[in-house]
Every structure is written in C-alpha cells, then in structure tokens.
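See structure below.
Numbers here are sequence positions counted from 1. Every heavy atom of this structure was used, including side-chain atoms; hydrogens, water molecules and symmetry mates were not.
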Amino acid sequence: MRAFEFYAARNASDAVALLAQHGPKVKVLAGGTDLLADLKFAAASHHPQVVVDISRADDLRGIQMTDQGLRIGALVTHTEIMDSPIIREQLPALVDAAHTIGAVQTRNLGTLGGNLVTAVPSMDSGPTLVALDAIVTVAGPEGKRQMPIVQFWVGPRKTILKTSEILVDIIIPKENVGKPTHFLKFGLRKGQALALVNVAASFHVDGNTFKAPRIGLGAVAPTVIHATSAESFLEGKPITPENMAEAGKLAVNDAKPINDFRASATYRRDLIAVLTRRALEGAYELHRKREAK
Ligand SMILES: Cc1cc2nc3c(=O)[nH]c(=O)nc-3n(C[C@H](O)[C@H](O)[C@H](O)COP(=O)(O)OP(=O)(O)OC[C@H]3O[C@@H](n4cnc5c(N)ncnc54)[C@H](O)[C@@H]3O)c2cc1C
C-alpha cells in the first residue's frame, strides 16, 4: 500500500469541501470493505493521494420516515438494515438482500452507500432499490440533487458522481413503503458468493391485477436495470401464475448477460426467467400473508 494523506470529515458538507480542495486524486472512505482492497492492490496510476474518511459524518447515518419517504443514510450498514424494525416490517426484501452480502464482518462495516457507489453490476442492494423506484441524493459544491437510482449508474464501476460529490442518502418514495417486494440471489454457493443473477420484483395489488409492477435485475447488464418489457406486460394484467411465467420470459430479453468463468450467458438467461417468476410469486405471497393477518 502506498502512502496517502488522510482527512476525517465531520459531516457531509465538510466531506464535500475536503473533496473539492484535494481534486481528482482523492477517494472517499466509508466502511472500507472495498476501498481498502483497492488501496492495497491498485496500480500506482490509480492510487489516491488523499483519502477522505466520511465514517464519522453523523448526518449520513440514520433510517427514518420523511415527507418524501423512507430515508436511508448512505452510511447505514447492511447489518443496520437487517436490524431496522421499520425495514423488517415494511420492506423485508431489503433485509433479505442485505443478508446475502458477504459475511457478518463485511455486513457490519459495509455501507449501503458504498455498495451503490461501487457500481458493480452484481451488487446485492441494487435490484430491490430499483424495484422500489428509489431516489438517491448527491451532494457537491453546488448543493444537493436527486435522481432515480437507475440514473446513478452509467456503466460497470461508473456512477454520475463527480470527484467532489458524495452520495448522501437513498429514499424509498412514500407510496412504495410497504409495497410487496421480493429479492432473490443465485450464486455458486450459499454464502460469500457474487450473484450470477439477482432479481427483485414488486407490485401493488389492485383487485386481482398488477399495479406498478417493477422488476430489478442485477449481474446481467453493465448496470442494474429495470426489466422494462416484463413490467409493461404485467401492468393491469390479472395476477396469475401464467402471467408471472410470461414476465420471466420477457425479462430475459431486457437483459444482456455475458459469458464468464462463473457461468455462461445461456445459463444466466435461464436463471433470469426462473428467478423473475419466483420473485413475483414471493411478492404476491408477502401480500397474501399480510392480508391474512
Ligand atoms: C469479503 C467480501 C465479500 C463481499 N460480498 C459482497 C456480496 O455478497 N454482495 C455485494 O453486493 N457486495 C459484496 N462485497 C462488497 C462490499 O462489501 C460492499 O459493496 C459494501 O457495501 C461497500 O461499502 P463500504 O462502506 O465498505 O464501501 P467503501 O469500501 O468504503 O467504498 C467503496 C467505494 O465507494 C466509494 N464511496 C463509499 N461511500 C461513498 C459515499 N457515500 N459517497 C461517495 N463515494 C462513496 C468509495 O470511495 C469507494 O470507491 C463484499 C466485499 C468483501 C470484502
């Protein structure tokens, strides 16, 4: 590991000021589960000269309801998501997704914000937040801006963040807090494995029809994506096993899976169809369980 200057930010605006002051060769440190490996192994040309630690910035923490919806601070760890009473009650799919990330130590240190900023296509937090139409807030020298989460990623390991910007929080819009949602991850092993495919599905139940169906797909395109043709197909259709299976088939065409040493594109396509159908079934099961209470 090469030497670097280290600054600890007191809050979000302090972090932005430090980033702006130190220019392009600066990196943000949150939980460090990814960044420390990068610092150790990055080529000299990519090694930061300055690290700004945001882990003590309390305004980037916390899970609370606001007028806009459920706000999750960028520094909230995967363990905190798993332990949050409101998330467990309203959005258990986020708990399931957090639970699949690494092992206990990684979940205790790793943050939701860090997971999203890595922009790795197989990130496990992505699909559920896409299926919930989450909004992200970014802060920079010119102030704050918000955007739908799918617009935050622009390619593998690339986000819209400029060097002096940070991710502040993630907001689940009010109308989607409690929306029946289900997350599934398929890896080569149960624990400590990257997803070959991960999927989340959500929809409101309107009579017996799908309302606002959303499907987030991970590890099958350069970024986490919406399965848009599957979503359009389901809108207003009766909730039946046949329609769920058809949506699974359509989702395959929304994705661009690759061949790599973990799995072939053909195998990933099969997984997309099956997991999408099962995620839709899971969301409906959650709705029915709640109705039965
Ligand atoms: C052993 C192991 C297993 C893992 N397993 C999984 C897994 O199963 N699934 C999965 O999805 N991930 C996995 N990960 C990846 C990682 O743990 C997560 O992505 C984690 O959530 C990253 O968060 P962090 O706070 O540690 O980020 P850091 O390492 O601190 O930062 C990661 C990147 O994001 C930037 N960054 C962080 N926060 C912000 C912010 N608020 N604003 C701007 N930039 C920011 C940093 O500069 C850096 O580039 C694993 C990692 C390890 C080491």
Run Thr118 and Asp34 through side chain to side chain donor-acceptor pair (under 3.5 Å) and show every step you take. CA-CA 8 Å; Thr118 58; Asp34 273 315; 4.5 Å; no
Got a donor-acceptor contact below 3.5 angstrom from the [X] side chain to the [Y] backbone?
X	Y	value
Ser202	Ala131	yes
Thr33	Gly31	no
Trp153	Leu116	yes
Thr79	Asn108	yes
Glu165	Lys162	yes
Asp169	Ile72	no
Glu80	Thr77	yes
Thr276	Ile272	yes
Arg262	Leu188	no
Lys190	Thr100	no

Quick check on the hydrophobic clustering: are [X] and [Y] connected, directly or via other members, by side-chain heavy-atom contacts under 4.5 Å?
X	Y	answer
Leu275	Tyr284	yes
Met123	Ile101	no
Ile258	Val120	no
Val274	Phe183	no
Val95	Val76	yes

Flag side-chain contact, heavy atom, 4.5 Å: [X] against [Y]:
X	Y	value
Arg56	Arg10	no
Phe152	Leu161	yes
Val51	Glu5	no
Leu112	Ile170	yes
His182	Pro92	no
Leu60	Val168	yes
Glu281	Met244	yes
Ser229	Asp254	yes

For [X] and [Y], work out which heavy atoms get closest and say how close.
X	Y	result
Leu94	Leu129	CD2-CD2, 3.8 Å
Met82	His99	CE-CD2, 3.5 Å
Thr128	Ala97	OG1-CB, 3.9 Å
Ser122	Ala195	CB-O, 3.9 Å
His204	Asn176	NE2-OD1, 3.6 Å
Ile160	Gln151	CG2-O, 3.4 Å

How far apart are the C-alpha atoms of Thr137 and Lys144, what are their side-chain angles, what is the distance that settles it, and do they pass the side chain to side chain donor-acceptor pair (under 3.5 Å) test? CA-CA 7 Å; Thr137 311; Lys144 288 186 181 172; over 6 Å; no
Show the numbers, then the answer: is there a side chain to side chain contact (heavy atoms under 4.5 Å, CB included) between Leu280 and Phe203? CA-CA 8 Å; Leu280 286 162; Phe203 55 90; 3.9 Å; yes
Carefully, step by step, assess His47 and Leu39 under the rule side chain to side chain contact (heavy atoms under 4.5 Å, CB included). CA-CA 6 Å; His47 205 280; Leu39 289 177; 4.1 Å; yes
Using a cut-off of 6.0 Å, state whether more than 12 heavy atoms not belonging to [X] lie near its atom [atom1].
X	atom1	value
His287	NE2	yes
Arg157	CZ	no
Lys25	NZ	yes
Arg145	CZ	yes

Sequence neighbours excluded and cut-off under 3.5 Å, please list the side-chain donor-acceptor pairs for residues 211-226, or say none.
{"unit_1": "Arg214", "atom_1": "NE", "unit_2": "Asp133", "atom_2": "OD1", "d": "3.3"}
{"unit_1": "Arg214", "atom_1": "NE", "unit_2": "Asp133", "atom_2": "OD2", "d": "2.9"}
{"unit_1": "His226", "atom_1": "ND1", "unit_2": "Glu231", "atom_2": "OE2", "d": "2.7"}

Could you please spell out the steps behind the salt bridge (Lys or Arg N to Asp or Glu O under 4.0 Å) verdict for Asp83 and Arg107? CA-CA 11 Å; Asp83 291 344; Arg107 297 194 288 267; over 6 Å; no
Is the Phe186 ring parallel, tilted or perpendicular to the Tyr267 ring (thresholds 30°, 60°)? perpendicular
Angle between ring planes, Phe4 versus Phe6, binned at 30° and 60°: parallel, tilted or perpendicular? tilted
Using the rule given for side chain to side chain contact (heavy atoms under 4.5 Å, CB included), can you reason through Asn198 versus Leu184, listing the C-alpha separation, both sets of side-chain angles and the distance that settles it, and then say yes or no? CA-CA 6 Å; Asn198 49 20; Leu184 289 170; over 6 Å; no
Looking at Phe233, does the NZ or CZ of Lys237 lie under 6.0 angstrom from its six-membered ring centre and within 45 degrees of the ring axis? yes
Mind checking who shares a hydrophobic cluster with Ile171, ILVMFWY linked at side-chain heavy-atom distances under 4.5 Å? Ile135
Can Asn259 and Ser264 be said to form a side chain to side chain donor-acceptor pair (under 3.5 Å), step by step? CA-CA 4 Å; Asn259 289 303; Ser264 67; 4.6 Å; no
Of all pairs that satisfy ring-ring contact (aromatic ring centres under 6.0 Å, His included), the ones with a partner from residues 7-45, not counting sequence neighbours: Tyr7-His22
Go through the steps for Leu29 and Ile54 under the test side chain to side chain contact (heavy atoms under 4.5 Å, CB included), then give the verdict. CA-CA 6 Å; Leu29 172 71; Ile54 58 169; over 6 Å; no
Salt bridge check: are Glu285 and Arg288 linked by an N-O gap of less than 4.0 Å? yes
Using the rule given for side chain to side chain donor-acceptor pair (under 3.5 Å), can you reason through Asp59 versus Asn11, listing the C-alpha separation, both sets of side-chain angles and the distance that settles it, and then say yes or no? CA-CA 6 Å; Asp59 53 347; Asn11 51 41; 5.3 Å; no
